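Chain letters run A, B, ... following the sequence lines, proteins first, then strands; residues in each count from 1. None of these values were measured; they are calculated from a predicted model.
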Protein chains: 2
Amino acid sequence: MAFGVTVDLVVFTIRDDRLCALFVRRGIPPHRDRWALPGGFVLEEEGLLDAARRELADETGLDDLPIHLEQLATYGDPGRDPRMRVVSVAYLAFGPELPEPEAGTDAAEARWRPVDEMAPHPDQLAFDHAQILSDGLERARAKLEYSPLATAFCAEEFTVAELRHVYEVVWGIELDPRNFHRKVTGSPGFLVPTDRRTTRNGGRPALLYRRGDATVLNPPIAR
Amino acid sequence: MAFGVTVDLVVFTIRDDRLCALFVRRGIPPHRDRWALPGGFVLEEEGLLDAARRELADETGLDDLPIHLEQLATYGDPGRDPRMRVVSVAYLAFGPELPEPEAGTDAAEARWRPVDEMAPHPDQLAFDHAQILSDGLERARAKLEYSPLATAFCAEEFTVAELRHVYEVVWGIELDPRNFHRKVTGSPGFLVPTDRRTTRNGGRPALLYRRGDATVLNPPIAR
DNA sequence: ACAATAGTGTCTCTCAGACAGTATCGT
DNA sequence: ACGATACTGTCTGAGAGACACTATTGT
């Protein structure tokens, strides 16, 4: 009845118009040289969320990232780790375009990889991490609809077009810019307009917004 | 780095027009004589879901219940159990009107209690079980909207009115019987009509339905 | 006959999607 | 001037809510 407890992280970001997740190449057995989700053991006096935060800071090399972290699910099949009985609490993280990660202590290599390159090849991933990735992806896609989660992929201040880009990349579809604009600006508490504009995407200057304090979108953003 | 791992269960059913959950009164310290969610330690070679099923069968005294079980969340704050470091994986269960439970092995008493009696008094519950109950309630209410979960509260065959009653009890509001009827019978894959009718609720005989194979309701049932 | 519940039809209002049209920048 | 993007207005069709109306039972 003594279990090891780990946290594993599905860290999503958007790079070059693609949804990417953070992976490490394992430097030690088991599954040596295969890709895995970043993670590690929970310490004796450490909460689960604290452990997730610590691992995230470790792997990205940055300390105070503007990152949304939430619990995804827990995986504990006997035999999922051949060394011992391990229960893994998976966390889901979202951030704006993040820097290339530093290689961690026991990882040979850490890199952003597009999820549409990894998800179709579950056998390239260590342990049950393909399942965790798949669950994380499904959760992320669903939460875009009814929560302001998409703003977690954006910088502090962002335009409506940048927000729309998040939806388009994560869902893999195109959205009508005009209807999208009406929908998100009309959703109470979703977006707070600033008094600044930007032309960084070309064309007419676009108003910059910040995330509002809404936790749920009503009505949802239809897919 | 050796953790105890338990499963805790939030088991919902509907009794006497009220949403009830299963509680046990603790017969041993800590939190002796307080109410707790049923649960127990995961065994050495046992999967998490298997452990939840086993505990559920234990506590209800029945073996092959028509019960929906899904993982809720995992709770692992240091100090949540004063005896040792314990990580608890909570599961959410739903069943039709279930029999009064047998007292389990190490529980002094097991009973159905209406959640609106328990939720407002978090201090009457052991450990962090008030939080778990609250999370389970929120999840259940949300899932009624967009999943066929409500059918898990009904018997194998049920009427539209019985299904509506589930929504009304869990959400604590009244719904228009006519619009509800149109909505659920028009939701593809939600309900499969049988060729039988019942008058058990009085009035004109109502057609009996079974759950369909839909896993998601589109459009959702509005609250 | 009457009460009670099941189920259908209809109206109205709102909202989502399609898309025309206008505004304001860089080049 | 022209291309590009931002934003607004308008039309239409689908669906939600309100509620009248009909159907079929038990008493």
Touch class at under 4.0 angstrom, heavy-atom based, for A:Pro219 against every strand present: sugar-phosphate
Rounded interatomic separation in angstrom, taking CG from A:Asn218 and P from D:dA16: 14 Å
A:Asn201 CG - D:dC7 C1' separation (whole Å): 15 Å
A:Arg223 CZ to C:dA16 C1', straight-line distance once rounded to whole Å: 17 Å
Side chain of B:Thr199 (C-beta onward), nearest among D:dA6, D:dT25, D:dA16: D:dT25
Closest to side chain of A:Arg164, choosing from D:dA6, C:dG7, D:dA18: D:dA6
Interatomic distance where NE2 belongs to B:His165 and P belongs to C:dA6 [whole Å]: 12 Å
Donor-acceptor pair under 3.5 Å, B:Arg178 side chain vs D:dA20 base: yes
Per A:Lys183 side chain, nearest of listed nucleotides C:dA18, C:dA16, C:dG7: C:dA16
Separation of atom CD in A:Glu162 from atom P in D:dT5, rounded to whole Å: 13 Å
Residue pair B:Gly76 / A:Leu48: nearest heavy atoms and the distance that separates them: N-CD1, 3.5 Å
Flag if over 12 foreign heavy atoms under 6.0 Å of CD, A:Glu117: yes
Spacing of A:Glu174 atom CD relative to C:dG17 atom C1', expressed in whole Å: 15 Å
Over 12 foreign heavy atoms within 6.0 Å of CD, A:Gln124: yes
Short side-chain N/O contact from A:His181 to OP1 or OP2 of D:dA6, under 4.0 Å: no
d(CG, B:Leu163; C1', C:dG7) in whole Å: 15 Å
Of the listed nucleotides D:dC7, C:dC19, C:dG7, the one nearest the side chain of A:Asp176: C:dC19
N/O donor-acceptor pair, side chain A:Asn179 with base C:dA18, under 3.5 angstrom: yes
hbond_proxy B:Arg204 side chain to C:dA3 base (donor-acceptor, 3.5 Å cutoff): no
Among C:dG7, C:dG9, D:dT8, the nucleotide that comes nearest once only the side chain of B:Arg197 is considered: C:dG7
Rounded distance in Å - CZ (A:Arg200) to C1' (D:dA6): 14 Å
B:Phe127 and B:His129 aromatic ring geometry - parallel, tilted or perpendicular at 30°/60° bounds: tilted
Closest nucleotide among D:dG17, C:dA18, D:dA6 to the A:Arg182 side chain: C:dA18
Spatial distance of atom CG (B:Leu56) from atom CD1 (B:Ile67) [nearest 0.5 Å]: 4.5 Å
DNA chain D: 5'-proximal contact among A:Thr185 and B:Gly203 (nearest heavy atom): A:Thr185
